[in-house]
Participant: 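I'd like to ask some things about the structure below.
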Amino acid sequence: MFDIDDFKSVNDQTRPSGRGRGSRGSGRLLRETIRLIDVPSRYGGEEFAVLLPSTRLREAQTACERLRRAVGDHTFTSTTFPSASP
C-alpha cells in the first residue's frame, strides 16, 4: 500500500473538466511500473494497493522499491496528478 499526498482533492478538482486525470495518470504510472500479473487498485481517497501474486518476500520488496522510485521520480503536475511524497 502507498499514499499519494493530496491525490483526492486534486483529482476531485479536475474531475468536471479533466474527467479525473489523477486517476488515469496514476493508473498509467502503476501499469508501467508493475508486472502484468500484478493487480493495482485505488484503496481509498489517496491510498493505493498492489496485489503481487506468486511473489516471494524479496521480490515483493524489490517491486515496492521500484514503485516507490517511480512515484518519487515522476514529475507530478495539476494536469496529471498532485505532488507525491517519496
Side-chain angles (χ1 to χ4, degrees):
M1 290 188 70
F2 64 98
D3 178 278
I4 298 177
D5 294 339
D6 301 321
F7 177 86
K8 185 179 181 325
S9 62
V10 173
N11 195 52
D12 289 348
Q13 291 172 5
T14 63
R15 186 168 287 139
S17 61
R19 301 196 186 272
R21 286 185 187 129
S23 294
R24 287 197 315 269
S26 60
R28 184 173 44 253
L29 179 64
L30 280 173
R31 284 188 305 277
E32 291 171 354
T33 306
I34 62 176
R35 305 171 302 176
L36 291 175
I37 64 168
D38 297 336
V39 182
S41 172
R42 184 170 175 192
Y43 185 74
E46 298 178 354
E47 296 81 30
F48 296 82
V50 179
L51 300 178
L52 306 169
S54 302
T55 305
R56 295 177 186 263
L57 177 60
R58 182 50 110 181
E59 295 167 329
Q61 290 170 327
T62 300
C64 289
E65 179 60 20
R66 185 174 54 245
L67 183 57
R68 187 196 66 78
R69 285 186 183 178
V71 170
D73 291 347
H74 188 80
T75 302
F76 294 92
T77 66
S78 61
T79 59
T80 57
F81 35 75
S83 299
S85 55

Participant: Taking all atoms of both residues into account, what is the closest heavy-atom pair of Y43 and M1, and its distance?
Facilitator: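 Scanning both residues, the minimum pair turns out to be CD2-CE, 3.1 Å.
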Participant: Compare all side-chain heavy atoms of R28 with those of R31 and state whether any distance is below 4.5 angstrom.
Facilitator: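 Yes. Closest side-chain heavy atoms under 4.5 Å.
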Participant: Would you find a donor on one side and an acceptor on the other, under 3.5 Å apart, between the side chain of T62 and the backbone of A60?
Facilitator: no
Participant: Can you tell me which residue among V39, I34, T33 is in a side-chain contact (heavy atoms from CB on, under 4.5 Å) with V50?
Facilitator: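 By the side-chain contact (heavy atoms from CB on, under 4.5 Å) criterion, V50 pairs with just one of V39, I34, T33: I34.
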Participant: Rounded to the nearest 0.5 Å, what separation is found between the CD atom of Q61 and the CD atom of E59?
Facilitator: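 It is 10.5 Å, given to the nearest 0.5 Å.
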Participant: Sequence neighbours left out, what passes salt bridge (Lys or Arg N to Asp or Glu O under 4.0 Å) with R35? Give chain and number order.
Facilitator: D38
Participant: Compare every heavy atom of L30 with every heavy atom of L67, then report the nearest pair and how far apart it is.
Facilitator: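 What the structure gives for the nearest pair is CD1-CD2, 3.6 Å.
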Participant: List the atom of A63, the atom of L52, and the distance in Å for their closest heavy-atom pair.
Facilitator: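 Distance-wise, the nearest heavy atoms are CB-CD1, 4.2 Å.
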